Amino acid sequence: MDKYNPAEIEAKWQQAWKEQQAFTAPNPGNAGAADRSRKSYVLEMLPYPSGTLHMGHVKNYTMGDVLARFRARNGLTVFHPMGYDAFGLPAENAAIKTGAHPADLTRINTANINQQLHRLGVSIDWSRELATCEPDYYKWTQYFFLKFFERGLAYRKEASVNWCPSCATVLANEQVVQGNCERCSTAVNQRSLAQWFFRITDYADRLLEDFDLLKSWPERVITMQRNWIGRSEGAEVVFRVADLDLDIPVFTTRPDTLFGATFFLLAPEHELVETLVEGTAYANPVRDYVASAGMKPPQGRAAAEREKTGEFTGRYAINPVNGEPLPIYVSDYVLMEYGTGAIMAVPAHDQRDFEFARKFDIEVRPVIATPGGAAAHGATMTAAYEEEGVIVNSGRFDRMPNREAGRAITRWLSSEHLGQAAVSYRLRDWLVSRQRYWGAPIPIIYCDRCGTVPVPEADLPVLLPDVEDYAPKGRSPIAASEEFVNTACPACGGAARRETDTMDTFVDSSWYFLRYTDPHNNREPFDKQVVNYWMPVDQYIGGVEHAILHLMYARFFTKVLYDLGMVDFKEPFTNLFTQGMIYYKGAKMSKSKGNVVNPDEHVGRYGADTLRLYILFIGPPELDVEWQDQGIEGSFRFLGRVWRFVSEVIEKTEALPQPAPDFGSAAGEAAALLGKTHRVVAKVTADISERFRFNTAISAVMELVNDTYLARDALLADDEGRVVLRFVAETVVSLLDPFTPHLSAELWHRLGNGDIWKEPWPQADWRRLKEATFELVVQINGKVRDRLKVPASASRQDLAAAARSSSRIAVYTEGKQIVKEIIVPGRLVNLVVK
RNA sequence: GCCGAAGUGGCGGAACUGGCAGACGCGCCGGACUCAAAAUCCGGUGGGGCUCACCCCCCGUGUGGGUUCGAUUCCCACCUUCGGCACCA
């Protein structure tokens with residue numbers, strides 16, 4: 001018997017898969033293409049090629065591979081492609097440091113990751129491999145930008161935007177975490193710049209509605225997106241400024257409190273601030289206030305605990321419901337980015353307004369009383385009343401429940417043309433410009449005569465030019481390339497300049513899953529029939545850190561493409577699984593903390609199969625788990641145990657009579673082991689397909705191997721036993737295949753069979769699942785007092801009788817009365833005694 | 001502050017619909033094999049008590065209550081940890 005040598009067999013089978021193109025999935029119309037009802041698109045989030053794969057990647061790709069291999073062996077045509085999210089800052093920053101070209105660095109890194117993925121043995125259709133930084137990919141990213149532009153979904157505007165001083169580029173709202181850059185954690189500040197946006201806000205309602213189309217998305221991911229979109233229903237109400245010919249609309253979710261408004265607020269950035277104070281004595285203090293608000297970092301301004309500040313403008317806004325003049329203040333707790341940048345303030349029913357009113361000594365006027373009681377007194381209230389209640393002090397709306405009053409007031413405003421029902425969103429348009437080098441150039445040309453002109457489709461791709469210096473200087477490095485910038489206007493032929501910003505790399509990854517379906521198409525981004533055949537993705541797997549960013553952008557992109565008639569589906573990812581992180585020494589693995597476990601080292605020492613097995617055995621895949629250095633040793637030992645057991649079976653069963661005898665006569669230990677085998681088949685199948693519980697699937701196979709070792713000597717004694725052992729060996733090898741494909745391929749072959757990845761998945765024989773006897777638990781008053789071996793066929797009466805006649809039970813029932821019997825067939829009998 | 005997830009042996013974790021808590025693995029202890037060691041195989045391993053021959057009893061799933069014949073599982077309150085959002089009108 002030779003020793004388990006993972007290095008040797010893994011190289012051998014990886015070579016075999018490569019030569020046979022074992023995991024190539026043919027497109028419709030080609031030989032071997034399956035009926036669409038049998039397709040399964042299994043996808044893991046594509047890696048950013050930053051040098052090497054880390055353990056999170058190993059977990060992600062192993063999980064995807066287990067599903068892909070499992071589904072393939074269950075008769076599905078599996079589509080399992082891979083690519084690289086290859087544009088982005090790390091390569092560019094490395095280029096700045098070393099002087100190498102980002103393209104060269106990226107090529108080295110993607111090649112390395114390709115090698116690592118091959119060494120992991122993942123069943124990828126490599127014929128569809130792509131990198132988002134290749135011109136034949138980003139040509140189509142630019143093409144989509146033009147399509148968005150045509151539809152008015154890509155637009156340029158001057159706006160206050162997030163600026164990361166360290167990355168020297170602007171960021172989308174989604175890429176600012178707690179006021180810091182999502183990538184480098186530097187504090188983000190605001191700059192006013194002309195930038196390109198995608199109109200994702202137009203799709204806010206559809207992004208919300210279509211959650212209904214998503215199956216098995218984790219609730220928390222949907223909740224995070226829902227909160228991020230932040231839809232609020234309310235009303236827009238127009239206030240007129242006294243003495244000036246000016247109307248200012250406000251958005252409110254509480255039209256029911258309109259009669260309680262006692263002042264009015266503008267955001268410091270509001271365009272009418274200057275108009276209100278110009279030429280008055282209030283001008284200078286207000287201007288000073290606006291200027292100081294602009295200096296504050298946004299996260300400081302957003303602190304709820306901060307004391308309210310503001311400045312009176314000397315002007316008054318007329319409350320449309322009662323004609324009352326409300327003093328207009330400027331305050332930085334009003335955000336220009338939300339609603340209209342102006343609010344009516346109702347201190348009695350909004351805590352923020354309440355704090356402001358107390359500080360500036362403004363009247364607090366309650367208009368909602370507690371449901372059965374009275375309204376508070378504005379002068380003595382210590383906090384705003386934000387609960388539901390009954391309307392008071394509001395003229396003819398008095399005594400209405402407040403929610404109903406809100407609707408009635410909105411209707412009245414609408415009929416008087418003073419306002420209407422309105423919806424507001426927290427979601428902002430997606431800022432896609434980046435002032436960096438390593439990304440897809442935005443295909444736009446600026447002409448003095450013709451204005452903003454899209455690059456004609458025939459001229460795509462707009463190639464990224466080579467430049468001398470990649471260092472960020474607050475504008476894109478490609479702006480330094482005269483050759484690139486200066487061009488002819490496609491409309492008039494006159495001198496014009498190219499846009500020099502590149503696109504956010506999240507644009508690249510918003511459609512890569514579509515390109516996989518038709519990656520070599522050079523006439524269009526993909527063939528419509530082909531994309532509709534493979535899409536949507538049946539199972540998407542990735543980290544929860546993309547809950548909002550990538551997953552929302554990709555959903556948006558897909559909806560736009562649907563509207564363009566390019567795809568026939570509205571959602572890209574039908575099922576989503578978000579994996580937990582791997583911790584080490586109590587913390588996330590990170591280079592700066594120095595607690596990184598390198599996958600290559602473990603593949604080198606134990607082999608890929610051991611690593612794959614261990615990373616799934618360690619715990620439930622959706623939870624964060626702790627990496628244990630000694631734990632992987634156990635997985636390696638287990639595979640050695642499987643290897644020795646199967647090798648021994650091969651030796652001892654060579655001379656078996658052919659054809660093999662039927663199991664029908666199996667009895668005793670042979671029958672017990674057969675039963676166990678079928679139960680394990682059923683459990684592993686269910687754990688993989690229904691629950692994603694790979695850890696318990698693996699432990700079930702371990703149990704089977706343990707049982708087999710104990711029964712081995714007895715079973716080797718006769719032919720019938722040997723036949724059973726051989727069956728168990730084949731089943732173990734087959735069940736492990738999704739987890740340890742190299743080991744299984746090798747042992748399956750040695751057992752005298754063909755290629756295991758082409759074999760059907762084992763089926764549990766339902767007749768053998770049931771055990772002949774079971775252990776009946778007998779409880780007295782809920783405490784376990786005895787266990788009895790009883791036949792599985794025993795009736796309820798039999799169980800009760802068996803329980804009562806137990807000598808151990810007699811001790812507890814003697815001299816007492818059995819007041820109740822609870823009988824759970826197949827499990828227990830509980831006797832309640834008094 | 002609001003929303004969500006999680007708290008089980010020395011450690012990672014299991015217990016699927018309310019029914020034997022601790023499967024499986026790590027670690028540790030003991031035995032077999034060996035001149036010896038490694039590897040391997042077998043057994044033990046929540047805490048406490050006992051007439052400790054493994055018979056039996058008590059306690060035990062973050063804390064305190066509740067529902068139930070019976071609760072890791074359901075309900076209420078609280079504590080801790082981790083994620084998300086956070087002056088969004």
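So that the names make sense, note that chain A is the first sequence line, chain B the second, and so on, each numbered from 1. Small disclaimer: the values here were computed from a predicted structure and weren't measured.
- The pairing partner recorded for B:U68 is none, the criterion being a Watson-Crick or G-U wobble arrangement whose two distances lie under 3.5 angstrom.
- Remark: the A:Q779 side chain and the B:G19 base include a donor-acceptor N/O pair separated by less than 3.5 Å.
- Seen from the ring of A:Y333, A:K308 counts as a face-on cation partner, given the 6.0 Å and 45° thresholds.
- Among the heavy atoms of the strands lying under 4.0 Å from A:R220 are primed sugar atoms or P, OP1, OP2 only; no base atom is included.
- The residue A:I618 sits close only to the backbone: its heavy atoms come under 4.0 Å of sugar-phosphate atoms, none of a base.
- Base-pair partner of B:G46: B:C59 (Watson-Crick or G-U wobble, both distances under 3.5 Å).
- Summarising the local packing, CZ of A:R691 is surrounded by more than 12 heavy atoms from other residues, nucleotides or ligands at distances under 6.0 Å.
- Atoms CH2 (A:W228) and P (B:G84) sit 11 Å apart, rounded to a whole Å.
- Counting to the nearest Å, the P atom of B:G12 and the CE atom of A:M55 are 18 Å from each other.
- Across every strand in view, B:A36 sits unpaired, with no contact that passes the Watson-Crick or G-U test at under 3.5 angstrom.
- A syn orientation is assigned to B:G9, its glycosidic angle lying within 90° of 0.
- Contact between the side-chain N/O atoms of A:R641 and the OP1/OP2 oxygens of B:C41 is found at a separation under 4.0 Å.
- Going from the C1' atom of B:C74 to that of B:C3 covers 22 Å, rounded to whole Å.
- Between B:C41 and A:R644, a contact under 4.0 Å exists linking OP1 or OP2 to a side-chain N or O.
- Distance CD (A:Q628) to P (B:C24): 17 Å, rounded to an integer number of Å.
- Note that A:R641 lies in the cation-pi zone of A:Y709, set by a 6.0 Å cut-off to the ring centre and a 45° limit from the axis.
- With both pairing distances under 3.5 Å, B:G83 is matched to B:C3 as a Watson-Crick or G-U wobble pair.
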